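Structure first, commentary second.
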Amino acid sequence: MANVEGGDAASKQHLTLRSGIGLVVGGIIGSGIFLTPNGVLAQCGSIGAALVVWVLAGVLSICGALCYCELGTCIPETGGEHVYFKRVFGPLPAFAFTWSMLLVVSPVSTALICLTFARYAIKPVYGPHADVPEESERTLAVLAIVLLTIVNCLSAKWATYIAEYFTALKLVAIGFLVMVGAAWVGKGNVQNLQQPFVNTTLSVSSFNLAFFEALYPLTGWNYLNYVAGEMVDAGRDLPRAVIYGMMLVMLCYLLCNMAYFAILPKSAILSTRAIAVDAMVKVIGDIGFILGSLFVATSCWGAANSSLYTAGRVGYAAALEGHMPRVLTLVHRRFGTPFVSLIFQAILSITFLLVNVDSLVLVFGFMSWSTFGASFFAVLRLRQTEPDLERPYRVNRYLAVTMCLASLVLVLSSFGQFPYECLGAVVFMLVGVFVYYALVQRMLGTSFTDYLSEQSVTVAQLVFLLEPGKASL
């Protein structure tokens, strides 16, 4: 493999602790905390109960992240769950994960984030009361995907610099929002914070929905595991980056919610679609509309970059195992990036962007926590099958068991809340099983990926100066 900035791209490990924290925080903090806290409040009925749900969701996410730390440090390879499932459960579960992750979850997530970015980046041009043409939003979203893909293809370091820089901008935006809320409270505006638990909803179904609403903006704490093979010292830095990043995210989320609840009355929070923008406008006037919109756009840009960066590595790792066409293993001779895998993700994201993706959001929790639960179980299973494996970080066994049970409860709850959407996700996974047995397993012995993509590999190598990748980037 060619040199990249003076090193071997196949073994170049460039992610430091700071880069890891940037990927974790940048991947988690997207548009959710600036747009959707009203969903949690709507289900809880009171601001006190809503804050409790946010704390519980944060604790659960941190516990899940700790389980992933053990997997990432004892198997420090690029690919995340695909690598873990292949090693612990075998090739079929690994393929099922990759099938769902690459073809639906990741591209839909990237499409939604970029669409939100476009909506708020362009909104100041039209003004607070004008309707932005849908064509303009989607065009800008497509351009955002294309630009981010180009950057990720040209340099992995550039992509991590974007993650670090925009993570810093997100924290500045959140800090400014919190200061605005503190200034509002400092003027004696505390009426919205009085009697915080009045009208609390005690319904179990409402609590489940509130919990899912809070967990969705926290998704992304597993991003660093997808690129563990690119960390300078995964055994030392991966757990620290995940723990520091998650603690920072939770602090930001709680402070943002407290600012929202202090500035806006409950009725205004429940009726708004852009809570951060409305809060800023109420305190500092029209300039708050521009600043709030830019805050959301900035946050979405960083999150989309992290989503695309990690998804490209999953496709690359899966193709190395023969679970995806071999063309996805090609890396650029000069830049050392998973060139074709990144372009593949971009094409899928743009495709979903041009159709209605809103209905797919409901199954994210189901598919994500199904994967998480299997990963938590993999921690326990790997201790039985490979007890002598070096584990720089070990999570408490009882915590891993608890997370397995919690994942099961969440999966069953989501099936009860959204049966048809979750059933569709199950059907899609079963189609993946059929594809595996009908194509992948059947043709692995005669080089499945060569059978499908030999010509495309040759053309791509000639046109884009690519070469086959190795086990880690």
Side-chain angles (χ1 to χ4, degrees), residues 21-22 24-66 167-186 189-201 206-207 209-221 241-266 268-270 272 274-280 282-283 292 295-296 298-299 302-303 406:
I21 295 174
V24 172
V25 177
I28 295 176
I29 301 180
S31 62
I33 190 58
F34 297 109
L35 301 176
T36 60
N38 52 357
V40 178
L41 180 60
Q43 299 299 330
C44 292
S46 69
I47 62 173
L51 289 174
V52 170
V53 168
W54 278 106
V55 170
L56 293 176
V59 170
L60 187 70
S61 297
I62 291 174
C63 291
L66 294 177
T167 295
L169 288 180
K170 292 179 189 184
L171 297 179
V172 169
I174 290 173
F176 185 81
L177 177 62
V178 172
M179 286 192 294
V180 167
W184 181 259
V185 173
N189 299 302
V190 295
Q191 61 274 15
N192 295 334
L193 302 177
Q194 296 173 350
Q195 297 181 316
F197 289 95
V198 172
N199 298 321
T200 298
T201 302
S206 296
F207 176 81
L209 287 174
F211 206 60
F212 273 110
E213 291 275 2
L215 284 172
Y216 179 71
L218 286 165
T219 302
W221 40 263
V242 170
I243 293 171
Y244 295 162
M246 286 300 301
M247 296 299 290
L248 185 57
V249 168
M250 277 311 303
L251 178 63
C252 291
Y253 277 23
L254 289 176
L255 291 176
C256 280
N257 274 281
M258 293 176 69
Y260 299 148
F261 296 152
I263 296 171
L264 299 173
K266 180 180 175 181
I269 293 175
L270 294 179
T272 183
I275 187 171
V277 176
D278 288 357
M280 297 277 283
K282 182 171 181 178
V283 178
F295 287 171
V296 177
T298 298
S299 184

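What you see is a predicted model; the values in this text were computed from it and never measured.
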> Do you know the tightest heavy-atom contact between Cys252 and Leu171?
Replying inline: SG-CD2, 3.7 Å
>> Can a donor-acceptor pair be found, under 3.5 Å and without considering hydrogens, that links the side chain of Asn38 to the backbone of Ile269?
In response: yes
>> Using only atom types and a distance under 3.5 Å, with no angle test, would you say the side chain of Thr219 pairs donor to acceptor with the backbone of Tyr216?
In response: yes
> What is the distance from atom SG of Cys44 to atom CG of Asn199, rounded to the nearest 0.5 Å?
Replying inline: 12.5 Å
> Between the side chain of Trp221 and the main-chain N/O of Met246, is any donor-acceptor distance below 3.5 Å?
Replying inline: no
> Can you name the nearest heavy-atom pair linking Ser61 to Leu215, along with the distance?
Replying inline: OG-CD2, 3.8 Å
>> Going by side-chain contact (heavy atoms from CB on, under 4.5 Å), name the residues that satisfy it together with Ala214, two or more places apart in sequence or in a different chain.
In response: Val40, Val53, Trp54, Ala57
> Going through the checks in order, is the side-chain contact (heavy atoms from CB on, under 4.5 Å) test met by Leu218 and Met250?
Replying inline: CA-CA 9 Å; Leu218 286 165; Met250 277 311 303; 3.9 Å; yes
>> For a side-chain contact (heavy atoms from CB on, under 4.5 Å) check, start with the C-alpha distance between Leu56 and Phe207, then their side-chain angles and the critical distance, and finish with the verdict.
In response: CA-CA 11 Å; Leu56 293 176; Phe207 176 81; 4.2 Å; yes
> Hey, does the side chain of Asn257 reach the backbone of Leu51 with a donor-acceptor pair shorter than 3.5 angstrom?
Replying inline: no
> So, does Thr167 use its side chain to make a donor-acceptor pair with the main chain of Gly302 at under 3.5 Å?
Replying inline: no
>> Between Tyr260 and Leu177, is there a side-chain heavy-atom distance shorter than 4.5 Å?
In response: yes
>> Quick check for you: to the nearest 0.5 Å, what is the distance between Gln194 atom CD and Gln191 atom CD?
In response: 7.0 Å
> Excluding sequence neighbours, so at least two apart, what forms side-chain contact (heavy atoms from CB on, under 4.5 Å) with Phe212?
Replying inline: Leu410, Ser413, Ser414
> side-chain contact (heavy atoms from CB on, under 4.5 Å) between Ile29 and Ile174: does it pass, once the steps are laid out?
Replying inline: CA-CA 10 Å; Ile29 301 180; Ile174 290 173; 4.0 Å; yes
> Under 3.5 Å, side chain of Lys266 to main-chain N/O of Ile47, donor-acceptor pair present?
Replying inline: no
> Would you say the side chain of Lys170 lies within less than 4.5 Å of the side chain of Val25, judging by non-hydrogen atoms?
Replying inline: no
> If you measure from CD1 on Ile21 to CG on Leu248, what distance do you get to the nearest 0.5 Å?
Replying inline: 8.0 Å
> Which heavy atom of Val185 sits nearest a heavy atom of Val190, and at what distance?
Replying inline: CG1-CG1, 3.7 Å
> Hey, are the side chains of Pro265 and Lys282 touching, using non-hydrogen atoms and a 4.5 Å cut-off?
Replying inline: yes
> Do Tyr253 side-chain atoms and Pro217 backbone N/O form a donor-acceptor pair below 3.5 Å?
Replying inline: yes
> How far apart are the closest heavy atoms of Gln43 and Thr201, and which atoms are they?
Replying inline: O-CB, 3.5 Å
> Measuring from Leu169:CG to Thr298:OG1, what's the distance to the nearest 0.5 Å?
Replying inline: 6.0 Å
>> I need the minimum non-hydrogen distance between Leu41 and Phe261, along with the two atoms involved.
In response: CD2-CE2, 4.1 Å
> Can you name the nearest heavy-atom pair linking Val198 to Ser46, along with the distance?
Replying inline: O-CB, 3.1 Å
> Is the count of non-hydrogen atoms from other residues, nucleotides or ligands lying under 6.0 Å from Gln195 atom CD greater than 12?
Replying inline: no
